2 protein chains.
Amino acid sequence: MSLNEANSAFQDADFADDLKIGDIERPAERAYQGIRRAILKGILPSGAHLREEALAQMTGTSRTPVREALRRVVAEGLARADNRHRYVSDFSFKEVSIVFDIRIRLESFAARVAAENITDSELAELDHILAEIDRIENVGQPAATERFAELNSRFHNTIIKATRSMQMQTLSAQAVSLPLEVIKQFVWEQTVNIAQSNDQHRVIVTALKQRNPDWAENAMAGHILSTKPHRPSIMPRG
Amino acid sequence: MSLNEANSAFQDADFADDLKIGDIERPAERAYQGIRRAILKGILPSGAHLREEALAQMTGTSRTPVREALRRVVAEGLARADNRHRYVSDFSFKEVSIVFDIRIRLESFAARVAAENITDSELAELDHILAEIDRIENVGQPAATERFAELNSRFHNTIIKATRSMQMQTLSAQAVSLPLEVIKQFVWEQTVNIAQSNDQHRVIVTALKQRNPDWAENAMAGHILSTKPHRPSIMPRG
DNA sequence: CGACATGACTTTGTATACAAATATCGTATG
DNA sequence: CATACGATATTTGTATACAAAGTCATGTCG
């Protein structure tokens, strides 16, 4: 494999700046963010061998937090582990597509369970998020996309938490984190439609308010389905 | 919280013997198996604070492999993480039940994808596993249950691998590991029916051989559904 | 010329010392 | 008597030294 170029590529550059991790002080978080961003930015390309010492240097920490970060990154699906080593996952269209299909099943089930367990204060929180998303201006600008990504995450997480199941939260976090990151990076610039997305959010919240599990499940499935990339061409790294 | 008793409970006992980890030499694996078994055996009860130093002593390793093991245990859902600390998850009927519902959706989708991607050699492997399960004798004895658990895991993992998706494998591993462990511990003694289970396995394999995604999906869903505990009474812990 | 043994080098695994954060408990004070 | 404070102990976080395992290239022997 031609992985050596990939590794030598970050030996002499100022990555703390490029990866915007300069102000993160906790080494574990710093290492995690640094590795994650390096993968998503393509600095660490698919298949690249994740060497602990090199990553420690890259992120300005030691191997201990790097090892911890690597476990997170592997658990998220951004990298894969093999005997002793770890390698950057490939984000082929097929892989991203399948994770979306999993997410559709997982999160629509979460919406179903949430419909039976959500509290009034959580419903209020969802209303608040809807309003915040409506307030986003300069649609299309990076800042707006970033803001939407944050609120969108909160929306989905609030529903998942409303299932009152730790296991659901654990599993969903992993199924959701990868597509959200990959999408934010590759897909949204071209396809995200904030207004349409929030219309769907509103439908989901209405279903939840009526404590209607079937409707909530269906609405969530439709929502995620609409965000699933359906053309390989939009995956630059596929 | 009354967690102190739980922790003092393993300070003076010979756990290497009780947990059958005496012959595992790699510390990381030793720590992982020791912690996992201690949780499943109830030595570390739900809510117990997992202290690194105490676990290191318990498993006869140092904190480094323990920390690594704890990450695995948390990822599997056997424990939950909070700021800095980790605690044993609770295996309430509700939690176990929901993980089964997730598994139904995840693995039936895996069967669907597998039907379109499985190789002849994997189908042969599945046939081999079916035959091995048929050969199990002394049904009801612990050794037979243990053997079935192993072959059953291989069966399900072979299908998941046949999806040709790393992400599917990563996510499924986490959704499947917890129920399989908990079930082996609490449910199977009372409800497992090896012959019935293998009949269902055979149907799934037939569907896969015919490359029939709908059938494979449905058969897998039915199979897992049939193993899902439906009475709270069979959950001793909760 | 090829297969294989050998040894240097690379990479990960483990233990441990120390630092930082947090919890605990006793004491003083309003 | 309740509470706030502070010293002390506990627990986790980080860095690093060393061990073990694996890789790769080189050279020797068949």
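What's counted below: heavy atoms across the whole structure, side chains too, no hydrogens, waters or symmetry copies. So you know, we letter chains A, B, ... as the sequences are listed, proteins then strands, and number each from 1. Just so it is clear, the model here is predicted, and its values are computed rather than measured.
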Sequence neighbours left out, what passes side chain to side chain contact (heavy atoms under 4.5 Å, CB included) with A:Glu116? Give chain and number order.
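Checked A:Glu116 against side chain to side chain contact (heavy atoms under 4.5 Å, CB included); matches are A:Pro213.
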Find every protein N or O atom lying less than 3.5 Å from an N or O atom of nucleotides 16-18 of chain D, and list the pairs.
| unit_1 | atom_1 | unit_2 | atom_2 | d |
| --- | --- | --- | --- | --- |
| D:dT16 | O4 | A:Thr64 | OG1 | 3.3 |

Taking the six-membered ring for Trp, are A:His201 and A:Phe148 parallel (under 30°), tilted (30 to 60°) or perpendicular (over 60°)?
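It falls in the parallel class, under 30°.
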Rounded to whole Å, please give me the gap between [atom1] in [X] and [atom2] in [N].
X: B:Glu53; N: D:dT10; atom1: CD; atom2: P; answer: 12 Å
X: B:Leu55; N: D:dT11; atom1: CG; atom2: P; answer: 11 Å
X: B:Glu68; N: D:dT12; atom1: CD; atom2: P; answer: 17 Å
X: A:Asp82; N: D:dA21; atom1: CG; atom2: C1'; answer: 14 Å
X: B:Leu70; N: D:dT11; atom1: CG; atom2: C1'; answer: 13 Å
X: B:Arg51; N: C:dT22; atom1: CZ; atom2: C1'; answer: 12 Å
X: A:His49; N: C:dT10; atom1: NE2; atom2: P; answer: 14 Å
X: A:Arg26; N: C:dA21; atom1: CZ; atom2: C1'; answer: 12 Å

Is any side-chain heavy atom of A:Asp127 closer than 4.5 Å to a side-chain heavy atom of A:Leu130?
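The answer is yes; the side chains approach within 4.5 Å.
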Show your working on salt bridge (charged side-chain N to carboxylate O under 4.0 Å, His left out) between A:Glu122 and A:Arg164 and close with a plain yes or no.
CA-CA 12 Å; A:Glu122 281 166 338; A:Arg164 302 273 164 279; 2.8 Å; yes
So is A:Arg112 actually on top of A:Phe109's ring, under 6.0 Å and inside 45° of the axis?
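Relative to the ring axis of A:Phe109, which defines the angle, A:Arg112 lies outside at least one limit.
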Working to the nearest 0.5 angstrom, can you tell me the gap between A:Glu107 CD and A:Met168 CE?
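CE of A:Met168 is found 9.0 Å from CD of A:Glu107.
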Listed nucleotide nearest any side-chain atom of B:Ala28, set C:dT11, C:dT14, D:dT12:
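Between C:dT11, C:dT14, D:dT12, the one nearest the side chain of B:Ala28 would be C:dT14.
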On the nucleotide C:dT11, are OP1 or OP2 found under 4.0 Å from the side-chain N or O atoms that A:His85 carries?
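Result: no.
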Given C:dT11, is OP1 or OP2 found less than 4.0 Å from the side-chain N or O atoms of A:Arg84?
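So the side-chain polar atoms of A:Arg84 never come under 4.0 Å of the phosphate oxygens OP1 or OP2 of C:dT11.
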Tell me, please, which residues at least two apart from B:His85 pass ring-ring contact (aromatic ring centres under 6.0 Å, His included).
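With neighbours one apart ignored, the set is B:His49.
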